[in-house]
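First up is the structure itself, then whatever we jot down about it.
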Amino acid sequence: MVIKYQLKKQSEECQARVGIVTTPHGSFETPVFMAVGTQGTVKTLVKEDLHEIGSQIILGNTYHLWNQPGHKTVEKAGGLHKFMNWDRSILTDSGGFQVFSLAKLRDIHEEGVYFKHHKNGAKLFLSPEIAIEIQRSLGSDIMMCFDECPPYPCSYEYMKNSVDRTLRWANRCLDANKDNNSQGLFGIIQGGEYDELRVYCAEELVKMPFDGYSIGGTSVGEPKEIQNKVLDCVVPVLPHDKPRYLMGVGSPGAILDAIERGIDMFDCVLPTRIARHGTAMTTNGRVIIKNKEFAEDFTPLDNKCDCYCCKNYTRAYLRHLFKANELLGHRLLSIHNIQFLVKLTEGAREAIKNNCFLEYKRKVYSDYGLNDNGKDF
RNA sequence: GGAGAGGUAGCGAAGUGGCUAAACGCGGUGGACUGUAAAUCCACUCUCUACGAGUUCGAUGGUUCGAAUCCGUCCCUCUCCA
């Protein structure tokens with residue numbers, strides 16, 4: 001197997017665990033937060049920024065790179081790593097999320113999904129085979145199965161059909177990838193809020209030879225309790241010797257809840273998107289830096305953070321950048337927010353190793369001002 | 001001095017008798033954002049004792065059931081010519 005998972009420490013308090021995932025482009029400790037670089041760039045950042053932040057693995061996106069500049073172009077460039085100047089691991093999402101996010105522009109069929117291009121209206125067709133072909137051209141370390149990310153809420157009947165189709169597509173992805181021994185492939189567990197379907201989907205996928213298992217279809221508007229409940233029933237079905245990836249989750253509270261339940265990998269656009277929109281995640285909670293209260297606040301964004309932004313700039317300056325529409329603000333907040341989540345998972349790893357993860361989680365919740373019912377970032 | 005154009009909410013700018021407390025843009029103030037159609041989107045932005053009420057469209061006096069819109073006078077700005 002191209003992707004190796006080595007368990008380093010299983011928490012004695014809960015399902016949380018520390019492991020090492022090895023890929024063709026290096027290894028990283030889990031739990032880990034992966035920044036998202038959909039179009040071959042973690043928006044506003046260069047490789048050195050990500051290295052300084054401590055990012056070991058980032059994401060790229062099949063659907064978007066397929067459309068622009070085209071996977072063949074990336075292949076000619078020498079693959080996505082070389083094209084975007086990233087020397088560590090890359091995980092590519094399959095386009096399955098676009099089945100959800102571009103719902104108004106697509107039609108799902110057994111053979112695949114027909115999209116109307118979001119910019120030029122062109123007819124597009126993405127299937128399990130094509131998604132694998134694209135990801136092989138991109139040369140990511142970890143590829144994702146092409147799935148349907150169903151919406152929430154969703155009827156049981158629809159979900160059941162969707163899960164069965166996603167399972168058939170998972171088989172097709174494996175078939176299309178048989179001769180590939182340089183990239184890993186993860187299966188995606190769907191089933192929405194329905195425990196029975198989640199367990200069924202997980203059990204079926206576990207029978208297939210994937211390098212890791214991910215839980216998809218979360219953070220699509222469902223309450224937090226559902227997300228945790230899903231993990232409670234799915235994780236026990238998953239093997240101990242493979243990584244577990246919760247897709248699209250990036251709020252501090254949800255990440256810690258999931259780590260507690262045995263999740264190893266996370267990705268989310270939240271830190272980079274809200275950064276560009278002027279919001280920061282800090283030790284003591286969310287800061288909307290554009291707000292007037294920071295106009296003359298000459299303290300760091302987060303005085304417990306040692307990221308490039310917090311070491312060098314003040315809240316007043318950051319607010320100024322946003323009010324003046326200066327791009328540096330987007331960049332500095334992106335650096336900070338990603339590092340916040342990277343450090344959050346790093347802290348979790350240390351806590352797990354020291355058998356004090358639950359205490360760690362309680363402290364983060366308390367400092368951040370989170371509770372089990374309210375907003376979790 | 002002569003000819004012309006114009007003065008609308010913080011700014012720019014629509015509106016030229018009732019559907020106008022007054023479009024729209026900017027600015028301002030809040031908020032949202034979770035496998036990125038996102039440097040995006042939403043709300044509020046005359047005043048108040050605020051699901052109602054009160055004052056507005058340079059000033060003032062008229063016409064009219066009713067005026068930012070029509071008429072008189074005054075003030076101010078800009079352009080061109082002397």
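Note on naming: letters A, B, ... go to the chains in the order of the sequence lines (proteins, then strands), and numbering restarts at 1 for each one. Keep in mind that the numbers below use all heavy atoms, side chains included, and drop hydrogens, waters and symmetry copies.
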Remember a base hit wins even if backbone is also touched, and classify A:Phe322 as base, sugar-phosphate or nothing at under 4.0 Å, heavy atoms.
nothing
Mind checking if A:Leu105 touches a base, just sugar-phosphate, or nothing, with heavy atoms under 4.0 Å?
base
Which value, in whole Å, describes the distance between the P atoms of nucleotides B:G62 and B:U56?
15 Å
Between C1' of B:C41 and CD1 of A:Ile274, the distance in whole Å:
15 Å
Same-atom distance (P) from B:C24 to B:A43, integer angstrom:
11 Å
In whole angstrom, what separates A:Leu65's CG from B:A37's P?
12 Å
For atom CZ of A:Phe97 and atom C1' of B:A37, their distance in whole Å:
11 Å
When we call it a touch if two heavy atoms are under 4.0 Å apart, what does A:Thr279 touch: a base, just sugar-phosphate, or nothing?
base
State whether A:Arg286 places a side-chain N or O below 4.0 Å from either non-bridging phosphate oxygen (OP1 or OP2) of B:A32.
yes
Decide yes or no for A:Ile58 and A:Met34: does some side-chain heavy atom of the first lie under 4.5 Å from some side-chain heavy atom of the second?
no
Hey, which of these two, A:His118 or A:Gly250, hits RNA chain B nearer its 5' end, going by closest nucleotide?
A:Gly250
Can you tell if the side chain of A:Leu270 reaches within under 4.5 Å of the side chain of A:Leu341, non-hydrogen atoms only?
no
Counter-base of B:U36, judged by Watson-Crick or G-U geometry with both distances under 3.5 Å
none
Looking at A:Tyr365, I'd like to know if the NZ or CZ of A:Lys361 sits under 6.0 Å from its six-membered ring centre while staying within 45 degrees of the ring's axis.
yes
Same-atom distance (C1') from B:C46 to B:G2, integer angstrom:
41 Å
A:Gln39 CD to B:U40 C1', in whole Å, measures 14 Å
Distance in angstrom units between A:His277 NE2 and B:A37 C1', rounded:
12 Å
Classify the nucleic acid contact of A:Asn67 as base, sugar-phosphate or nothing, counting any heavy atom under 4.0 Å across all strands shown.
nothing
Whole angstroms only, please: what is the CD1-P distance between A:Ile90 and B:G35?
18 Å
Counter-base of B:A43, judged by Watson-Crick or G-U geometry with both distances under 3.5 Å:
B:U29
Distance, P atom - from B:C74 to B:C80, rounded to whole angstrom:
26 Å
Phosphate oxygens OP1/OP2 of B:U36: is one of them under 4.0 Å from a side-chain N or O of A:Thr38?
yes
Could you list, one pair per line, each protein nitrogen or oxygen that sits under 3.5 Å from a nitrogen or oxygen of nucleotides 27-30 of chain B, together with the distance?
residue : atom : partner  : partner atom : Å
B:U29   : OP1  : A:Arg319 : NH2          : 2.8
B:U29   : OP2  : A:Lys323 : NZ           : 2.3
B:G30   : OP1  : A:Lys292 : N            : 3.0
B:G30   : OP2  : A:Asn291 : OD1          : 3.4

Listed nucleotide nearest any side-chain atom of A:Ile188, set B:U34, B:G35, B:U36
B:G35
Please determine, for B:A21, whether a Watson-Crick or G-U wobble partner exists with both distances under 3.5 Å, and give it or none.
none
With stacking defined as ring centroids separated by under 5.5 Å and planes differing by under 30°, is A:His64 stacked against B:U36?
no
Could you give the distance separating B:G12 and B:G27 at their P atoms, to the nearest angstrom?
15 Å
Please name all residues satisfying side-chain contact (heavy atoms from CB on, under 4.5 Å) with A:Cys356, sequence neighbours left out, ordered by chain then number.
A:Ala351, A:Asn354, A:Glu359
Using the P atom as the point on both nucleotides, what is the distance between B:A59 and B:G10, in whole Å?
13 Å
Just the rounded figure in Å: distance from C1' of B:U34 to CE of A:Met247.
13 Å
Please walk me through it: do A:Asn61 and A:Gln98 pass side-chain hydrogen bond (donor to acceptor under 3.5 Å, both in side chains)?
CA-CA 10 Å; A:Asn61 181 279; A:Gln98 277 61 49; 3.1 Å; yes
Hey, which of these two, A:Val36 or A:Gly278, hits RNA chain B nearer its 5' end, going by closest nucleotide?
A:Gly278
Just wondering, more than 12 heavy atoms not from A:Glu157 lying within 6.0 Å of its CD?
no
Any strand counts, and the cut-off is 3.5 Å on both contacts for Watson-Crick or G-U wobble. Which nucleotide pairs with B:G1?
B:C81
Can a side chain N or O of A:Arg273 be found less than 4.0 Å away from OP1 or OP2 on B:U34?
yes
Check this for me: A:Lys363, atom NZ, are more than 12 non-hydrogen atoms of other residues, nucleotides or ligands nearer than 6.0 Å?
no
Counterpart base for B:A13, defined by Watson-Crick or G-U wobble contacts under 3.5 Å:
none
Atom-pair distance (NZ on A:Lys119; C1' on B:A38), nearest Å:
11 Å
Kindly state each residue pair satisfying side chain to side chain donor-acceptor pair (under 3.5 Å) with at least one member in residues 326-339 of chain A, sequence neighbours excluded.
A:Asp49-A:Arg331, A:Asp306-A:Gln339
A:Gln98 side chain near B:A37 phosphate (N/O to OP1/OP2, under 4.0 Å):
yes
Does the plane of the ring in A:Tyr313 sit parallel, tilted or perpendicular to the ring in A:Tyr317? Use 30° and 60° as the thresholds.
parallel
Between B:U69 and B:C57, how far apart are the two P atoms, rounded to whole Å?
8 Å
Output the single nucleotide from B:A37, B:C33, B:G35 whose closest atom is nearest the side chain of A:Cys149.
B:G35
Ignoring hydrogens and angles, are the base of B:U36 and the side chain of A:Thr272 linked by a donor-acceptor pair under 3.5 Å?
yes
What interatomic distance, in whole Å, is found between P of B:A14 and the corresponding atom of B:G7?
8 Å
Establish, with yes or no, whether the OP1 or OP2 oxygen of B:A37 is under 4.0 angstrom from a side-chain nitrogen or oxygen of A:Ser101.
yes
Pairing partner of B:C74 (Watson-Crick or G-U wobble, both distances under 3.5 Å)
B:G58
Scan A:Gln227 against the nucleic acid and name what it touches under 4.0 Å (heavy atoms): base, sugar-phosphate only, or nothing.
nothing
Only one of A:Trp169, A:Phe97, A:Phe186 passes ring-ring contact (aromatic ring centres under 6.0 Å, His included) with A:Phe146, and that residue is A:Trp169
